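Taking it in order: structure first as C-alpha cells, then the write-up.
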Number of protein chains: 2
Amino acid sequence: MADDSKTDRRTAAERAYVSVRDSISSGRFAVGERLTEGALAEEAKVSRTPVREALRRLASEGFVTLSPHAGAIVKGWSEKDVRDVFETRALIESHAAGLAARHANAADVQRLAAMAERMEPLARSSPREVMAYSEANRAFHAEILRIAGNLRMEEIALNFMDLGFLVRSYAQFETEDVQRSLSDHRQLVTAIGAGDERCAEAVMRGHILSAALIFRGTGPEAAPRGTRPLPAAPTPEHEKEPSR
Amino acid sequence: MADDSKTDRRTAAERAYVSVRDSISSGRFAVGERLTEGALAEEAKVSRTPVREALRRLASEGFVTLSPHAGAIVKGWSEKDVRDVFETRALIESHAAGLAARHANAADVQRLAAMAERMEPLARSSPREVMAYSEANRAFHAEILRIAGNLRMEEIALNFMDLGFLVRSYAQFETEDVQRSLSDHRQLVTAIGAGDERCAEAVMRGHILSAALIFRGTGPEAAPRGTRPLPAAPTPEHEKEPSR
DNA sequence: AAACTATTGATTGCATACAATCCGTCAAGT
DNA sequence: ACTTGACGGATTGTATGCAATCAATAGTTT
C-alpha cells in the first residue's frame, strides 16, 4: 500500500480497479454511496480515464451500478439478489462438483485434501483470520471448479464468490457453522476421491445453500461498519426492480 | 443505418459497441482478426476513447480477447469452448425452465404460447429469415428466464445466447432440426403451463444439448466467409490454454 | 549464413482539455 | 402557495496529444 513507486508493472487501470474494488469489498464505501470519478482518480493516483475503465469492469462484475450521466453507486443487495446469487452458485458448483468427481485424478484429490486440511487451523484462530480463511475457502472451491474442467462455470462461480457481501458474511459465522463447513469440505474430498458424482453434487449443494441460510440469518443490517462515518444508513432498497 | 444525424440520443460508446459487435456477429470480422482502435473509431465515426470502452465490454462478454499493449482480436471458439457454453446453458436454462413451470401464471403461459406460435411461419420461410427466427428464438428463451425469476441466471444465459457463433449456427439448421426445435418449444409451453417442473427441465435440457450437437456437426470451418478478403485463414487455435 | 542487437514504425495506455448533460436552487408567473 | 422555467455548479462523456510499449526490419557481428 505504501508502494507508490513509479516502477509499478501493472497498468494504471489495473491499479484503479484493485483500489476501488478493495474499498468496496472492505466496506470503506458504504452501500448506495456515489463514487465520483475524480475522487477515485485522486485516491488511486491516476487520471480519470483508467478509473472509468475500472468502473465499467466493476459494473460488469456486479460491484457497482452505473447509469449514463449519473455515475456509479455501490451496489446494494436485496434479500432476493442474495438468494439469486446463492441459488445460481449452488446450481453451478454442485454440477461442477459432480464433474470433478468424474474427472479428478489422484494428484487432484491429493491437492484438494491438502487444501481442506490447511483450512482447519485457520478456522480455529477464528476472529482475526477471517480474511485468510475466506481466501483458503475460495481457493478450495476454485480448485474443484478447475478440476471440473468447464471454464464458463469456473468464471461465473468465481465471480460470484468475489462479490463483496460474501466476504463480509464470513465474519458472521459461528464456530458451529465453521465446523460444519469444514466437515462439508472433507466430505467433498472423499466423494470426489471416490468418484461418486451424486454424492459430491449433493454435498456441494447443501454446503452452499446452508451458507446462504447463515448469511441471510445475519439480517438486513449486513452493512459492515466501515472505517468512515457511514453517511446515513441507506434504505435497504436502492435498486428496485422496475416491475417489468 | 443512414441515420448519422447529430441527434443521436445514444452515447458514442454505445454506438461503437453496437457497431463492433454487429460486425463480429455478422462475420464481417474474421475470427482471429486483429481490431485496431483507430480503424474501429473511424468506422463508427467516434474517437478512440469510446471505442476502447466498447472493446473492454466486448471482452467481458466474450466476443474478443485483449491483451495489454497488444490490442483486441476476434475470439475464436474451440470445440471445447462451444461444448462448455452449451453445457452451461443447458444447466442454467433447464433449471430456469423448472422454475418457470413453478412460477408461471396464466398470462405468462399465454404469452409464451403466442411467442412459440409466432415462430412457426418464420421457420417455414427458411433461408432468408434466419435473423428473424434467431431473434424470436432468443425472445422465447428470454421470456422463460424472466418467468423463472432469477436475474443472475437470466443475465448469464442471455449473454451466452448472444455470442456470435450461435447466430451463425442457425444458418446450418436443416428443416428437420427446425421442426424438432419448434416441437420442443410447444412441449415447453405445455409443461410450463401444467406446472410440471421435471418435464420442463428435461425438455429444455434436450432442446439445448441437441442444438449443441447440430452446431458441432457443422464442423470446424464454421467461420463464415465475410464481405472482406479474410486475411489468411487463421489456425483453429488462437488462444491455447496455458496448461495451467 | 545464422544469430543477435539496434532502430523504426505503429499501436496501445494515459492524461488533460473541452463539450454535453444532469441536478438542485431560485425566481417569476399563475 | 404551487408550479414552471431558467440559471449555475458539478459530473460525466468525448476528443486529442503525448508517452510507453511492442513488433518487425535492417544492420552488425560471429
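The model shown is predicted, which means the values in this text are computed figures rather than measured ones. Residue numbering restarts at 1 for every chain, and letters A, B, ... go by the order of the sequence lines.
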Report, one pair per line, the protein and nucleotides 9-11 of chain D atoms (nitrogen or oxygen only) whose separation is under 3.5 Å.
{"unit_1": "D/dT11", "atom_1": "O3'", "unit_2": "A/R34", "atom_2": "NH2", "d": "3.0"}

Side chains of B/S78 and B/D81, donor plus acceptor under 3.5 Å
yes

For residues B/D108 and B/H103, is any side-chain donor paired with an opposing acceptor at under 3.5 Å?
no

Counterpart residues, salt bridge (Lys or Arg N to Asp or Glu O under 4.0 Å), relative to [X] (two or more places apart):
X: B/E61; result: B/R57
X: B/D84; result: B/K80
X: A/R118; result: none

Closest to the side chain of A/T11, out of D/dT14, D/dG13, C/dG13, is C/dG13

Of all the nucleotides listed (C/dC14, D/dA15, D/dG13), which has the minimum atom distance to the side chain of B/V46?
D/dA15

Residues which pass side-chain contact (heavy atoms from CB on, under 4.5 Å) with A/T49, listed by chain and number, not counting sequence neighbours:
A/S47

Rounding to a whole Å, what distance do you find between [X]:[atom1] and [N]:[atom2]?
X: A/L40; N: D/dT12; atom1: CG; atom2: C1'; value: 13 Å
X: A/Y17; N: C/dC14; atom1: OH; atom2: P; value: 16 Å
X: B/E53; N: C/dT12; atom1: CD; atom2: P; value: 16 Å
X: A/R15; N: C/dG13; atom1: CZ; atom2: C1'; value: 11 Å
X: A/K45; N: C/dG13; atom1: NZ; atom2: C1'; value: 20 Å
X: A/E42; N: C/dT16; atom1: CD; atom2: P; value: 12 Å
X: B/L66; N: C/dT12; atom1: CG; atom2: P; value: 10 Å
X: A/E14; N: C/dC14; atom1: CD; atom2: P; value: 10 Å

Side-chain N or O of [X] less than 4.0 angstrom from OP1 or OP2 on [N]?
X: B/R52; N: C/dG13; result: yes
X: B/R56; N: C/dG13; result: yes
X: A/T49; N: C/dC14; result: no

Those residues that, when tested against A/H95, pass side chain to side chain donor-acceptor pair (under 3.5 Å) (two or more places apart):
none

